[in-house]
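Just below is one structure, and these are the notes that go with it.
Positions are given from 1 along the sequence.
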Amino acid sequence: MALKKRRPTPCVGICSTTFGDLVCRGCKRFSHEIVDWNGYDDAQKETVWERLETFKKQVVGQIVRFEDQALFQLAIETQKIKEPEDYQAIYLLLQRLVSHSKTLSFAGLENVSPDFEITEGEVDSLLTLQQIDREIVTRSRAYYERSYKVSA
């Protein structure tokens, strides 16, 4: 398995496992993966990275669509985002939109989730990023329960 060049850890500095969560709301790893990370070999780390990327790709693809491809391209070029896949670029761009209080349409994007609701005064990019992160955590918890929990 060819390893991709990645950050040393998926950690984003917002660890909720210290408060008892089995799945971190920041990096979406399982608590035992966080604790054991430095002892993992490259193959184990890559397995975790692949799971996290798979969930992100699925969720971003289900929630965000291009409203204007040219505007999206301009936005990622302006922000100097050079991610190889659209879902990665969209996720990074959402983070930048949030930090600048810009809307999805500013970057040629739209939220197509049927349960997406926005009230006046809210920034849709923030709500979209939060929705994506919640769904990735939900999928990670379900994966954890299927893979690690022992039935009573």
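Note that OG1 of Thr9 is 5.5 Å distant from CH2 of Trp37, once rounded to the nearest 0.5 Å. From Gln88, atom CD reaches atom CD1 of Ile81 across 11.0 Å, with rounding to the nearest 0.5 Å. Of the inter-residue distances, the one linking Phe106 atom CZ with Leu74 atom CG reads 8.0 Å to the nearest 0.5 angstrom. Atom CD of Glu50 sits about 4.5 Å away from atom CD of Glu46, to the nearest 0.5 Å.
The shortest distance between side-chain heavy atoms of Asn111 and Asp124 does not fall below 4.5 Å. The side-chain heavy atoms of Val98 and Gln95, taken from C-beta on, include no pair separated by under 4.5 Å. Between Ser105 and Glu67, the closest side-chain pair of non-hydrogen atoms falls below 4.5 Å. Between Pro10 and Lys45 the shortest side-chain heavy-atom distance does not fall below 4.5 Å. Side-chain contact between Arg29 and Leu52: present, with at least one pair of heavy atoms (C-beta onward) separated by less than 4.5 Å. Put simply, the side chain of Tyr91 reaches to within 4.5 Å of the side chain of Leu129, judged on heavy atoms.
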(request) Using the side-chain contact (heavy atoms from CB on, under 4.5 Å) rule, take Lys28 and Asp133 through it: C-alpha gap first, then chi angles, then the decisive distance, then the call. (result) CA-CA 9 Å; Lys28 285 61 165 190; Asp133 282 341; 3.1 Å; yes

(request) For Arg51 and Thr54, run side-chain contact (heavy atoms from CB on, under 4.5 Å): C-alpha distance rounded to whole Å, both residues' side-chain angles, the deciding distance at 0.1 Å, then the answer. (result) CA-CA 5 Å; Arg51 183 188 73 241; Thr54 297; 5.7 Å; no

(message) Apply side-chain contact (heavy atoms from CB on, under 4.5 Å) to residues Val60 and Ile132 and explain how you reach the verdict.
(response) CA-CA 6 Å; Val60 168; Ile132 289 168; 4.1 Å; yes

(message) Applying side-chain contact (heavy atoms from CB on, under 4.5 Å) to Gln130 and Leu127, what does each step give before you reach the verdict?
(response) CA-CA 5 Å; Gln130 290 171 334; Leu127 296 175; 3.6 Å; yes

(message) side chain to side chain donor-acceptor pair (under 3.5 Å) for Gln58 and Tyr87? Distances and angles first, verdict last.
(response) CA-CA 9 Å; Gln58 291 169 349; Tyr87 79 94; over 6 Å; no

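By the criterion of side-chain heavy atoms lying less than 4.5 angstrom apart, applied directly or through intervening Ile, Leu, Val, Met, Phe, Trp or Tyr residues, Phe55 is not grouped with Trp49; the two fall into different hydrophobic clusters. Both Val137 and Leu94 are part of a single hydrophobic cluster, where members link through side-chain heavy atoms under 4.5 Å apart. Linking ILVMFWY side-chain heavy atoms closer than 4.5 Å, directly or via other members, places Val59 and Ile90 in a single hydrophobic cluster. Side-chain heavy atoms closer than 4.5 Å link hydrophobic residues (I, L, V, M, F, W, Y) into clusters, and following such links, even through other members, never connects Val48 to Ile136.
Contact between Arg96 and Gln79 at its shortest, heavy atoms only, is NH1-O, 2.7 Å. In terms of heavy atoms, Cys15 sits closest to Cys24 at CA-SG, 3.6 Å. Here the closest non-hydrogen pair linking Leu104 and Ser125 is CD2-CA, 3.9 Å. Annotation for Val112 and Gln62: closest pair CG2-O, 3.7 Å, computed over non-hydrogen atoms. Across Ile76 and Ala89, no two heavy atoms sit closer than the pair CG2-CB, 4.3 Å. Nearest heavy atom pair, residue Leu93 against residue Ala75, reads CD2-CB, 3.8 Å.
A salt bridge links Glu135 to Arg139: one of the charged nitrogens lies within less than 4.0 Å of a carboxylate oxygen. Using a cutoff of 4.0 Å between basic side-chain nitrogens and carboxylate oxygens, Lys56 and Glu85 are not scored as salt-bridged.
Ring geometry, Phe30 versus Tyr143: the interplanar angle falls under 30°, so the pair is classed parallel (tilted spans 30 to 60°).
The neighbour count for Lys57 NZ, taken as heavy atoms of other residues, nucleotides or ligands under 6.0 Å away, does not exceed 12. Phe66 CZ: more than 12 foreign heavy atoms inside a 6.0 Å radius.
Screening residues 100-118 for salt bridge (Lys or Arg N to Asp or Glu O under 4.0 Å), with sequence neighbours left out, gives no hits.
A donor-acceptor distance shorter than 3.5 angstrom exists from the side chain of Ser16 to the backbone of Arg25, with no hydrogens or angles considered.
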